[in-house]
Amino acid sequence: IGMVNRDIIIDEFHTMRSRKAKNQGAPFGSKQTENYSSVTYNNTLTYTPKINKDHRMDVMIGQEDVYRTFRYFSASSSKFPIDNFGIFDMSLGEEPGKPQTNQEEERMLSFFGRINYQYMDRYLFTATMRTDGSSKFGKDNKWGYFPSVSAAWRASEEEFIINLDIFSNLKVRASYGAAGNNNIPRYRSLSLYTSDWVPMNNQAVPVYSGKMANPGLKWETTYTANAGLDISFFNHRLQATLDLYNTRTVDLLLDAQIPYLTGYKSIFKNIGETKNKGIEFSITSYNIQKKDFTWTTSFNIAANKNKVVK
């Protein structure tokens with residue numbers, strides 16, 4: 001269980017006394033308080049069965065619950081007859097400002113699991129599954145499901161590779177998986193009301209609809225395929241890595257503009273798709289490794305192509 005609480009307090013008094021045009025030379029004071037709280041509760045359970053020396057496996061399952069709150073308070077006053085008390089008695093101000101308050105909450109509940117399997121330290125396999133539920137999305141789309149799988153062949157452990165007496169390490173690997181993104185403001189799937197006095201039906205009302213609801217808002221998902229090669233020579237003194245990747249992101253979260261005739265400026269939508277593919281290569285040589293002197297040389301190069309599909 002983890003808990004984080006952070007307060008930001010901004011007190012202003014003397015720093016704003018020079019604003020004579022606004023306060024006719026009288027002191028002006030304000031106080032703002034922002035409070036961020038986060039509570040995290042997680043559990044994991046790992047099981048490692050005993051099979052035999054050639055087979056190794058472990059299974060892990062877990063759960064995580066994250067709850068965050070944000071609170072804001074602001075008060076101000078002007079035309080203080082004296083400045084002895086600063087902002088510690090705002091009732092002395094002849095013109096109190098309009099106080100502002102706000103409170104927001106969000107929650108994410110996650111369940112996850114992983115299986116690792118190795119055979120003779122040569123064949124490696126990992127499978128994971130993660131399920132996340134976020135309060136930021138519509139009631140029918142709060143949950144996202146993100147699986148992944150990876151495999152590797154440590155060829156340098158094979159007898160016919162060892163007999164070549166060339167490689168210190170030779171490993172071929174591949175993976176494919178999905179990851180979710182919910183990095184948007186809170187409550188964008190709901191209709192938000194704003195507190196302000198506006199005319200409606202020939203009278204003033206204190207609230208109005210400030211944001212249009214999108215109950216179909218859902219997770220942005222990125223799918224990534226990767227293939228790689230790790231190789232080293234001369235007792236790992238010369239190492240090289242090659243990676244090829246292809247990434248596709250769908251249901252992009254975007255604050256999209258909409259026609260003003262709707263009465264709103266924008267609405268958060270799942271819109272668009274991008275693709276990103278490329279290649280990365282790096283090589284490192286450990287030229288000298290002494291007690292008092294080390295010389296290492298590294299080189300890397302990458303090429304990337306990014307495309308907006310829609």
Side-chain angles (χ1 to χ4, degrees), residues 1-13 15 29-48 58-76 86-88 90 97-116 126-148 177-195 207 210-211 213-215 217-222 224 249 251-255 268 270:
I1 300 176
M3 182 178 295
V4 176
N5 192 78
R6 178 165 58 95
D7 289 316
I8 299 177
I9 302 174
I10 302 175
D11 296 338
E12 294 180 318
F13 190 79
T15 56
S30 68
K31 183 180 184 69
Q32 300 177 34
T33 302
E34 298 179 5
N35 175 266
Y36 300 85
S37 298
S38 176
V39 178
T40 303
Y41 174 75
N42 56 58
N43 296 277
T44 58
L45 177 65
T46 302
Y47 173 62
T48 304
D58 65 78
V59 180
M60 185 271 289
I61 58 174
Q63 159 274 331
E64 185 176 59
D65 192 355
V66 181
Y67 176 70
R68 296 186 179 95
T69 60
F70 166 75
R71 295 180 179 89
Y72 173 81
F73 171 79
S74 175
S76 64
I87 62 168
F88 295 107
M90 285 194 177
K98 182 180 179 181
Q100 297 179 356
T101 60
N102 185 33
Q103 178 170 326
E104 297 182 5
E105 302 174 351
E106 67 175 272
R107 184 184 181 189
M108 189 164 77
L109 181 62
S110 305
F111 301 94
F112 46 87
R114 183 191 65 212
I115 298 176
N116 284 326
T126 300
T128 69
M129 182 64 191
R130 184 179 182 95
T131 302
D132 296 304
S134 174
S135 61
K136 293 182 178 181
F137 299 119
K139 63 178 182 178
D140 296 327
N141 300 297
K142 292 189 181 297
W143 291 94
Y145 305 92
F146 311 108
S148 70
N181 174 35
N182 69 334
N183 190 22
I184 59 173
R186 308 172 185 94
Y187 310 129
R188 288 304 184 260
S189 65
L190 305 174
S191 179
L192 295 180
Y193 284 88
T194 299
S195 57
V207 295
K211 287 287 186 180
N214 181 5
L217 201 62
K218 59 183 179 180
W219 286 86
E220 176 185 302
T221 306
T222 298
T224 302
T249 302
D251 299 324
L252 289 165
L253 292 166
L254 177 69
D255 192 15
F268 263 90
N270 293 101

>> Does anything in residues 135-147 form a side chain to side chain donor-acceptor pair (under 3.5 Å)? List the pairs, not counting sequence neighbours.
In response: none
> Is there a side-chain contact (heavy atoms from CB on, under 4.5 Å) between Y36 and I8 once you walk through the steps?
Replying inline: CA-CA 8 Å; Y36 300 85; I8 299 177; 3.9 Å; yes
Rounded to the nearest 0.5 Å, what separates atom [atom1] in [X] from atom [atom2] in [Y]?
{"X": "F73", "Y": "I9", "atom1": "CZ", "atom2": "CD1", "value": "11.5 Å"}
{"X": "S74", "Y": "K98", "atom1": "OG", "atom2": "NZ", "value": "11.5 Å"}
{"X": "W219", "Y": "N181", "atom1": "CH2", "atom2": "CG", "value": "8.0 Å"}

With [X], which residues qualify under side chain to side chain contact (heavy atoms under 4.5 Å, CB included), at least two apart?
{"X": "T194", "answer": "Y208"}
{"X": "Y187", "answer": "E104, E105, L190, L192"}
{"X": "S189", "answer": "L217"}
{"X": "S38", "answer": "V4, T40, V66, R68"}

> Between the side chains of S134 and N182, does any donor sit under 3.5 Å from an acceptor?
Replying inline: yes
> Going through the checks in order, is the side-chain contact (heavy atoms from CB on, under 4.5 Å) test met by T126 and R114?
Replying inline: CA-CA 7 Å; T126 300; R114 183 191 65 212; 4.0 Å; yes
>> If you apply the rule side-chain contact (heavy atoms from CB on, under 4.5 Å), what do you find for R188 with N214, and how did you get there?
In response: CA-CA 7 Å; R188 288 304 184 260; N214 181 5; over 6 Å; no
> Listed by chain and number, what are the ring pair (Phe, Tyr, Trp, His ring centres under 6.0 Å) partners of Y67, not counting sequence neighbours?
Replying inline: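 For Y67, no residue satisfies ring pair (Phe, Tyr, Trp, His ring centres under 6.0 Å) once neighbours in sequence are set aside.
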> Looking at residues at least two apart in the chain, or sitting in another chain, which of them share a ring pair (Phe, Tyr, Trp, His ring centres under 6.0 Å) with F112?
Replying inline: none
Which residues pass the side chain to side chain donor-acceptor pair (under 3.5 Å) test with [X], not counting sequence neighbours?
{"X": "D251", "answer": "none"}
{"X": "D65", "answer": "R107"}
{"X": "N43", "answer": "Y41, Q63"}
{"X": "T128", "answer": "S148"}

Contact check, side chains of [X] and [Y], non-hydrogen atoms, under 4.5 Å:
{"X": "F268", "Y": "P185", "answer": "yes"}
{"X": "T249", "Y": "E220", "answer": "yes"}
{"X": "F111", "Y": "M129", "answer": "no"}
{"X": "L253", "Y": "N270", "answer": "yes"}
{"X": "N5", "Y": "N35", "answer": "yes"}
{"X": "T131", "Y": "F146", "answer": "no"}

> salt bridge (charged side-chain N to carboxylate O under 4.0 Å, His left out): which pairs involve residues 30-40, sequence neighbours left out?
Replying inline: D11-K31
> Within the side chain of E64, is there an N or O that forms a donor-acceptor pair under 3.5 Å with the backbone of S110?
Replying inline: no
>> Could you check whether atom OH of Y193 has more than 12 heavy atoms from other residues, nucleotides or ligands sitting under 6.0 Å from it?
In response: no
